[in-house]
Amino acid sequence: MQSAISLSLSSPSTIARSDCTAAAAANSYICTPRSLRFCGLRREAFKSKSFNSLSVSTRLLPCSRNSSFKKVCAALQSNGAPSKGEFDYDLVIIGAGVGGHGAALHAVEKGLKTAIIEGDVVGGTCVNRGCVPSKALLAVSGRMRELQNEHHMRSFGLQVAAAGYDKQGVADHANNLASKIRSNLTNSMKALGVDILTGTGTILGPQKLKFGKGGSGDTIITAKDIIIATGSVPLVPKGIEVDGKSVITSDHALKLEFVPEWIAIVGSGYIGLEFSDVYTALGSEVTFIEALDQLMPGFDPEIGKLAQRVLINPRKIDHHTGVFASKITPAKDGNPVIIELIDAKTKEPKGTVEVDAALIATGRAPFTQGLGLENINVQTQRGFVPVDERMRVIDSTGKLVPHLYCIGDANGKMMLAHAASAQGISVVEQVSGKDHVLNHLSIPAACFTHPEISMVGLTEPQAREKAEKEGFEVSITKTSFKANTKALAENEGEGIAKLIYRADTGEILGVHIFGLHAADLIHEASNAIAMGTRIQELKFAVHAHPTLSEVLDELFKSAKVVSSSHVAQPVAV
């Protein structure tokens, strides 16, 4: 899924060390950076026998080092002295976003003495300023959209009075959800005995780092292995002045301080689409400004075309494509927000747009400043920490930096929170003595519009390019939600599922879904790719009736596979 998708969150803080959608560590061969942006959370607690047998105490213990910064220590048998006592910790993670959290929990499960350094708040961007609060707003917009659709409600025989909303109540719902998830993540690490070290983490040299606010009061610690999990920050192009009021990032938008009558959204990727869903449901008119020649450039073209017909054309949304917002001036003294446009190719002026507000959703930049990478001879590439397929950090000479990894947005492989968590778990497997390589083509992504969009693997153009290089034929099959009993019962028959595959081997190259609960349906295909399961095996899978899962059941059954052999070998990418 090598696609250019927009996500924009708040500006970096000088102290925040993990404003991150993702996080953690890496190893050797360089993979192509990916720019998918979305999020998911790993389960906050373990239910295994090993976890149940742990002796947990919530009593906080005094810290072993004097410091002006808070260090939370929990008494837990499994997070005891590091192996051989050579280091303060077996593993130290810089950044407590979703990626760092996932790595920390898995490390404790593996018996590693673990600490996590956080300069802002636990949960990073995903929990505090990204996917978690945005899903709360989208839940509201989905219900508002349904209640406002008189024809839809009448089709059920329902009569509903005019729907309204309390802006502060909606904002409180998003904020309360973020607080709850943040608390859950913090408590899960404390319960498992992960030491939470407060401050900015800086690498001083091999297996050595410090944390604090900077200066003589910082605390120096050592670790057998270190994971960088510092995530990313909003990318705001030059010429755009963000005032946090009329020109905003999604950080500001999530607070829902006001709902403008007319808002321009710069970027039509995941975040732009989701906020267009929210704002139009709450009564705003939206104008998309997209630098590429088509809207939704990161999606499979066929899916994007259908989604545009459903999510954009019928709503109060217009758009300008093939143009840059070269300058955006916030509203002042009663004047509107002024957006100056230029042609994306010729750079010739293309006029101006005047709106009540502008949301910048133009992407994200890795947050890697102040990490002390110069102390270990590592140079970032466009801000990203270079890593191999095992998330191991590579120095400026092309050699691996021993015992140093980088995961999540900071390495740029796939800017999704659940990808960061998966990378972190992969790293922990490696430092625990078991080699593991994550197949990034098996990691799904989703856009939580109404209806939803989800995908895993390659788009059709990407698959055809791969086929041309490797000499095989691409096959495609599709099924419609209009033939699904559960979707029809919900009066939500708009949508399709698309399978891209090799007919000669049955290998799944990509699956794309647009329709009701697409974000939940995609995981059957994702897991099949991860496990190397072929279509000829999936044809025998049983799905409950009537359920939406039968959309995929029909999709796999309709595929024409030449080979009848069952091949189930996981493929590492």
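These numbers come from the heavy atoms of this one structure, side chains and all, not from hydrogens, waters or symmetry mates.
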Taking side chain as C-beta onward, heavy atoms only, is [X] less than 4.5 Å from [Y]?
X      : Y      : value
Thr280 : Phe275 : no
Glu429 : Lys110 : yes
Asp409 : Phe367 : no
Phe514 : Leu311 : yes
Ile227 : Val431 : no
Ile508 : Val511 : yes
Asn411 : Ile228 : no
Ile312 : Leu295 : yes

Please report the C-alpha distance between Thr477 and Tyr501 in whole Å, then the side-chain angles of each, then the deciding distance to 0.1 Å, and finally whether the side chain to side chain contact (heavy atoms under 4.5 Å, CB included) criterion is met. CA-CA 8 Å; Thr477 187; Tyr501 67 102; 4.1 Å; yes

From the list Val266, Thr249, Ile265, side chain to side chain contact (heavy atoms under 4.5 Å, CB included) partner of Thr362 resolves to Val266

For the side chain to side chain contact (heavy atoms under 4.5 Å, CB included) test, which of Met296, Glu452, Glu274 pairs with Cys447?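 Only one of Met296, Glu452, Glu274 forms a side chain to side chain contact (heavy atoms under 4.5 Å, CB included) with Cys447, namely Glu274.
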
Could you measure the distance from the [atom1] atom of [X] to the [atom2] atom of [Y]? Nearest 0.5 Å is fine.
X      : Y      : atom1 : atom2 : result
Lys180 : Asn176 : NZ    : CG    : 10.0 Å
Gln462 : Glu465 : CD    : CD    : 8.0 Å
His512 : Leu306 : NE2   : CG    : 13.5 Å
Leu282 : Arg145 : CG    : CZ    : 8.5 Å
Ile522 : Ile453 : CD1   : CD1   : 11.5 Å
Ile181 : Lys135 : CD1   : NZ    : 12.5 Å

Closest contact, heavy atoms only, [X] versus [Y]:
X      : Y      : result
Phe324 : Ala291 : CE2-CB, 3.3 Å
Ala229 : Ile93  : CB-CG2, 4.0 Å
Gln536 : Val561 : OE1-CG1, 3.5 Å
Ala253 : Tyr279 : CB-OH, 3.5 Å
Ile443 : Leu438 : CD1-CD2, 3.7 Å
Ala417 : Val98  : O-CG1, 3.8 Å

Candidate pair Glu460 and Arg464, rule salt bridge (charged side-chain N to carboxylate O under 4.0 Å, His left out), full reasoning: CA-CA 6 Å; Glu460 183 177 341; Arg464 295 199 181 280; 3.1 Å; yes

Are [X] and [Y] close enough that a side-chain donor and a side-chain acceptor fall under 3.5 Å?
X      : Y      : value
His545 : Glu550 : yes
Gln423 : His440 : yes
His523 : Ser526 : no
Thr459 : Asp300 : no
Ser188 : His101 : yes
Ser268 : Glu290 : yes

Applying side chain to side chain donor-acceptor pair (under 3.5 Å) to His543 and Glu524, what does each step give before you reach the verdict? CA-CA 11 Å; His543 299 76; Glu524 183 173 355; 2.8 Å; yes

Candidate pair Ile303 and Ile496, rule side chain to side chain contact (heavy atoms under 4.5 Å, CB included), full reasoning: CA-CA 8 Å; Ile303 297 294; Ile496 64 169; 3.8 Å; yes

Look at [X] together with [Y] and state whether they make a salt bridge at an N to O cut-off of under 4.0 Å.
X      : Y      : result
Glu492 : Lys486 : no
Lys498 : Glu302 : yes
Lys345 : Asp343 : no
Lys466 : Glu470 : yes
Arg309 : Glu494 : yes

Under the 3.5 angstrom rule, does the side chain of [X] hit a backbone N or O of [Y] as a donor-acceptor pair?
X      : Y      : result
Ser276 : Leu273 : yes
Ser432 : Val428 : yes
Ser426 : His436 : yes

Under 6.0 Å between ring centres, would you say that holds for Tyr270 and Phe299? yes

Result block: side-chain N/O donor-acceptor pairs under 3.5 angstrom for residues 313-322, not counting sequence neighbours:
residue	atom	partner	partner atom	Å
Arg315	NH1	Asp277	OD2	3.2
Arg315	NH2	His450	O	2.8
Asp318	OD1	Thr287	OG1	2.5

Please step through side chain to side chain donor-acceptor pair (under 3.5 Å) for the pair Thr380 and Thr368, ending with a clear verdict. CA-CA 8 Å; Thr380 60; Thr368 53; 5.0 Å; no

For Asp435 and Arg390, run salt bridge (charged side-chain N to carboxylate O under 4.0 Å, His left out): C-alpha distance rounded to whole Å, both residues' side-chain angles, the deciding distance at 0.1 Å, then the answer. CA-CA 9 Å; Asp435 189 30; Arg390 288 176 173 80; 2.7 Å; yes

Is the NZ atom of Lys557 crowded by more than 12 outside heavy atoms at less than 6.0 Å?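 Count over threshold, so yes.
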
Show your working on side chain to side chain contact (heavy atoms under 4.5 Å, CB included) between Thr479 and Asn484 and close with a plain yes or no. CA-CA 9 Å; Thr479 54; Asn484 181 267; over 6 Å; no

Steps toward side chain to side chain contact (heavy atoms under 4.5 Å, CB included) verdict (Leu458, Ile500): CA-CA 8 Å; Leu458 304 175; Ile500 307 167; 5.8 Å; no

